[in-house]
K.L.:
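Let me give you the structure first, and then I'll get to my questions.
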Amino acid sequence: MGMMKEALMHPEDLYVLVKMKRAAAQVEKQIPPDPHWAFCYTMLQKVSRSFAFVIQQLGTDLRNAVCVFYLVLRALDTVEDDTSIPEDIKVPILESFHRHIYNPDWHFSCGTKDYKVLMDNFRNISTAFLELGKSYQEGIEDITERMGRGMAKFICKEVETVDDYDEYCHYVAGLVGLGLSKLFHASGSEDLAEDHLSNSMGLFLQKTNIIRDYLEDINEIPKSRMFWPRAIWSKYVDKLEDLKYKENSTQAVQCLNDMVTNALLHAQDCLKYLSDLKDLSNFRFCAIPQIMAIGTLALCYNNVEIFRGVVKMRRGVVARVMDQTRTMSDVYGAFFEFSSLLKSKIDNNDPNANLTRTRIEAIQNSCVKSGMLNKRGCHMYRSSPAYNSVYIILALLLVSILFAVIATK
């Protein structure tokens with residue numbers, strides 16, 4: 001019903017919404033027959049439907065390696081996120097996790113819902129891991145070890161400074177970027193990317209998630225797990241949880257804008273990384289999440305709803321990004337478009353207004369200097385025009401017919 005409601009509110013998105021729905025249905029039909037691989041790809045759809053979709057861009061061998069890599073790190077992240085695990089148990093598990101992936105008999109019960117299923121049946125992931133090529137295994141083991149040790153470090157350490165923030169994001173996401181670059185290189189499809197570019201790819205995504213998920217993370221039970229650096233939030237409130245109270249809305253939005261401005265530092269590195277990719281399937285796999293990140297930052301910026309509920313891109317825009325991201329001209333165009341949206345929301349009274357504008361203009365200059373903006377054939381974001389009631393009724397009928405057709409295939 002959510003998709004149908006959105007199609008009615010934004011009829012211009014109808015085609016891409018239906019196209020994405022059909023593509024998602026195809027993904028569900030492509031589960032491998034081997035039980036351990038079936039478990040991996042089924043779990044991938046449960047813990048991240050968007051990742052399960054974009055991973056389909058990759059060739060079979062690389063796709064399997066990336067699937068296992070993602071699930072291993074998801075499992076590691078589940079251990080880190082479970083605040084009910086005592087530190088004296090959690091830290092050794094994080095530090096030794098890279099060895100457990102070689103043991104099909106190992107599992108550790110933690111997490112909730114789908115994540116508990118993932119952990120209880122970790123043997124399937126280990127079995128799949130052991131079938132990968134040695135270069136893939138070595139890359140996954142290396143990143144898992146480094147990430148586990150980094151996570152363990154921050155179990156016992158608060159994020160105080162901006163350097164702490166960058167270090168934490170490096171451990172939990174920058175290393176993912178480095179790992180993916182290693183897997184691309186191991187597959188023979190790409191040159192090995194520079195570490196700082198790979199790191200920025202992860203940091204841009206992670207910082208976007210940390211910003212967007214403020215309310216969910218601060219309300220975590222039994223205790224919150226927050227990674228907004230004290231060096232930023234302490235300029236606006238005495239305690240991090242104070243940002244969610246309505247009486248602090250002005251300070252909360254200013255702090256939010258400060259966080260978004262920090263995240264924008266990584267955008268140009270992301271553009272450089274993407275422009276260096278040779279293989280189209282690798283490119284689409286990497287480009288789609290980065291466009292989603294700049295789009296999400298544009299929505300979050302100057303938006304007090306971050307402290308009230310859920311802020312996310314509407315499905316039609318997500319579908320458009322997934323369907324229409326084909327070339328670097330699409331990426332430059334989307335970054336220019338979303339950064340323009342963010343720029344239009346800058347309040348000159350915001351303490352970081354000038355810095356935010358400077359960083360946005362640097363991103364836009366990179367897009368313009370590419371010489372590729374005028375080659376675009378589509379737009380990722382646009383406001384919807386007014387539609388009369390007859391058009392909406394016709395759209396409703398068309399959506400209903402299309403859903404019926406999809407259901408029969």
K.L.:
Does either side chain, that of Tyr236 or that of Asp258, offer a donor lying less than 3.5 Å from an acceptor on the other one?
P.N.:
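Distance-only check passes for Tyr236 and Asp258.
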K.L.:
Which atoms form the tightest heavy-atom contact between Phe154 and Asp164, and what is the distance?
P.N.:
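It is CZ-O, 3.6 Å.
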K.L.:
Working note: Val253 + Asp347, criterion side-chain contact (heavy atoms from CB on, under 4.5 Å); need CA distance, chi angles, decisive distance, verdict.
P.N.:
CA-CA 11 Å; Val253 169; Asp347 181 349; over 6 Å; no
K.L.:
So with a 6.0 Å cut-off around CG of Asn219, is the heavy-atom count from everything else above 12?
P.N.:
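Above 12, so yes.
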K.L.:
In the structure I gave you, are the side-chain heavy atoms of Ile232 and Cys255 within less than 4.5 Å of one another anywhere?
P.N.:
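A side-chain contact exists here, since the closest heavy-atom pair is under 4.5 Å.
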K.L.:
Would a line drawn from the ring center of Phe129 to the ring center of Phe69 be shorter than 6.0 Å?
P.N.:
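So the answer is no for these two rings.
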K.L.:
Can you find a heavy atom in the side chain of Glu145 that is under 4.5 Å from one in the side chain of Ile101?
P.N.:
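Contact flag for Glu145/Ile101 side chains = no.
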K.L.:
Is any NZ, NE, NH1 or NH2 atom of the basic residue among Arg320 and Asp330 found under 4.0 Å from an Asp or Glu carboxylate oxygen of the other?
P.N.:
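So Arg320 does not pair with Asp330 through a salt bridge.
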K.L.:
Please check if any side-chain donor atom of Asp242 sits under 3.5 Å from a side-chain acceptor atom of Asn248, or the reverse.
P.N.:
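Result is no, nothing qualifies.
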K.L.:
How about CG on Asn354, more than 12 heavy atoms from neighbouring residues, nucleotides or ligands closer than 6.0 Å, or not?
P.N.:
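Atom CG in Asn354 is not packed in, count stays at 12 or less.
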K.L.:
Under the side-chain contact (heavy atoms from CB on, under 4.5 Å) rule, what do Phe204 and Tyr273 come out as? Steps first, then yes or no, please.
P.N.:
CA-CA 12 Å; Phe204 194 54; Tyr273 182 98; over 6 Å; no
K.L.:
Roughly how far apart are Met322 CE and Arg315 CZ, rounded to 0.5 Å?
P.N.:
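Spacing of CE (Met322) from CZ (Arg315) equals 11.5 Å.
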K.L.:
Quick one: salt bridge (charged side-chain N to carboxylate O under 4.0 Å, His left out) partners of Lys153, sequence neighbours excluded?
P.N.:
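For Lys153 the salt bridge (charged side-chain N to carboxylate O under 4.0 Å, His left out) partners, ignoring immediate neighbours, are Glu167.
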K.L.:
Give, for atom CG of Leu355 and atom OG1 of Thr261, the distance between the pair rounded to the nearest 0.5 Å.
P.N.:
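With rounding to 0.5 Å, CG (Leu355) is 5.5 Å from OG1 (Thr261).
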K.L.:
List the atom of Ser329, the atom of Met372, and the distance in Å for their closest heavy-atom pair.
P.N.:
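In this case the closest contact between Ser329 and Met372 is CB-O, 3.4 Å.
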K.L.:
side-chain hydrogen bond (donor to acceptor under 3.5 Å, both in side chains) for Tyr102 and Glu141? Distances and angles first, verdict last.
P.N.:
CA-CA 9 Å; Tyr102 285 96; Glu141 179 188 4; 2.9 Å; yes
K.L.:
With a cut-off of 6.0 Å (strictly less than), are more than 12 heavy atoms of other residues, nucleotides or ligands near NZ of Lys46?
P.N.:
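12 or below, so no.
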K.L.:
Leu197 and side chain to side chain contact (heavy atoms under 4.5 Å, CB included): which single residue from Leu274, Leu271, Asp269 fits?
P.N.:
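Looking at Leu274, Leu271, Asp269, the match for Leu197 under the side chain to side chain contact (heavy atoms under 4.5 Å, CB included) is Asp269.
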K.L.:
Quick check for you: to the nearest 0.5 Å, what is the distance between Phe184 atom CZ and Leu192 atom CG?
P.N.:
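Between Phe184 CZ and Leu192 CG, I get 11.5 Å after rounding to 0.5 Å.
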K.L.:
Please check if atom NZ in Lys272 has more than 12 non-hydrogen atoms from other residues, nucleotides or ligands closer than 6.0 Å.
P.N.:
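No, NZ of Lys272 has 12 or fewer neighbouring heavy atoms, counting only those of other groups under 6.0 Å.
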K.L.:
Under 3.5 Å, is there a donor-acceptor pair linking the side chains of Asn282 and Ser189?
P.N.:
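Judged by distance alone, the side chains do pair up.
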K.L.:
Show the numbers, then the answer: is there a side-chain contact (heavy atoms from CB on, under 4.5 Å) between Met119 and His107?
P.N.:
CA-CA 6 Å; Met119 297 303 298; His107 74 279; over 6 Å; no
K.L.:
Any chance you could measure Glu158, atom CD, to Arg230, atom CZ, to the nearest 0.5 Å?
P.N.:
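Between atom CD of Glu158 and atom CZ of Arg230 there are 7.0 Å.
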K.L.:
Is it true that, when you exclude Arg149 itself, more than 12 heavy atoms of the residues, nucleotides or ligands shown sit nearer than 6.0 Å to its CZ?
P.N.:
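Yes, because the 6.0 Å sphere around CZ of Arg149 holds more than 12 heavy atoms from other groups.
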K.L.:
Can Lys90 and Asp82 be said to form a salt bridge (Lys or Arg N to Asp or Glu O under 4.0 Å), step by step?
P.N.:
CA-CA 9 Å; Lys90 179 181 291 190; Asp82 192 331; over 6 Å; no
K.L.:
Filter on salt bridge (Lys or Arg N to Asp or Glu O under 4.0 Å), then keep only pairs touching residues 284-307, sequence neighbours left out; what's left?
P.N.:
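Non-adjacent pairs meeting salt bridge (Lys or Arg N to Asp or Glu O under 4.0 Å): zero.
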K.L.:
Give me the atom names and distance for the closest heavy-atom approach of Ala128 to Val68.
P.N.:
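In terms of heavy atoms, the two residues are closest at CB-CG2, 3.8 Å.
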K.L.:
Ala293 and Leu205: which non-hydrogen atoms are nearest, and at how many Å?
P.N.:
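Ala293 and Leu205 have their closest heavy atoms at CB-CD2, 3.7 Å.
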K.L.:
Quick one: closest heavy-atom pair of Phe307 and Leu256, and the distance?
P.N.:
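Closest approach of Phe307 to Leu256, heavy atoms only: CZ-CB, 3.9 Å.
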K.L.:
So, the side chain of Ser48 versus the backbone of Leu44: is there a donor-acceptor pair under 3.5 Å, distance only?
P.N.:
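No; judged by distance alone, with no hydrogens or angles, the pair does not exist.
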K.L.:
Do Ser281 and Asp279 meet the criterion of a side-chain donor-acceptor pair at a distance under 3.5 Å?
P.N.:
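Yes, side-chain donor-acceptor contact under 3.5 Å.
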K.L.:
Give a yes-or-no answer on whether the side chains of Asn303 and Arg308 include a donor-acceptor pair shorter than 3.5 Å.
P.N.:
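Side-chain D/A pair, Asn303 to Arg308: absent.
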K.L.:
Is the number of heavy atoms from other residues, nucleotides or ligands under 6.0 Å of Glu160 CD greater than 12?
P.N.:
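Enclosed: over 12 neighbouring heavy atoms sit under 6.0 Å from CD of Glu160.
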K.L.:
Using the benzene-type ring in the case of Trp, are the ring centres of Phe39 and Phe122 under 6.0 Å apart?
P.N.:
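Not under 6.0 Å, so no.
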K.L.:
Run the side-chain contact (heavy atoms from CB on, under 4.5 Å) check on Ile294 and Leu264 step by step: do they pass?
P.N.:
CA-CA 8 Å; Ile294 188 70; Leu264 292 173; 4.0 Å; yes
K.L.:
Quick one: list whatever passes side chain to side chain donor-acceptor pair (under 3.5 Å) with Ser96, sequence neighbours left out.
P.N.:
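With sequence neighbours excluded, Ser96 shows a side chain to side chain donor-acceptor pair (under 3.5 Å) to His100, given in chain and number order.
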K.L.:
Measure across Thr325 and Val321 and return the closest heavy-atom pair with its distance rounded to 0.1 Å.
P.N.:
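Minimum heavy-atom separation between Thr325 and Val321: OG1-O, 2.6 Å.
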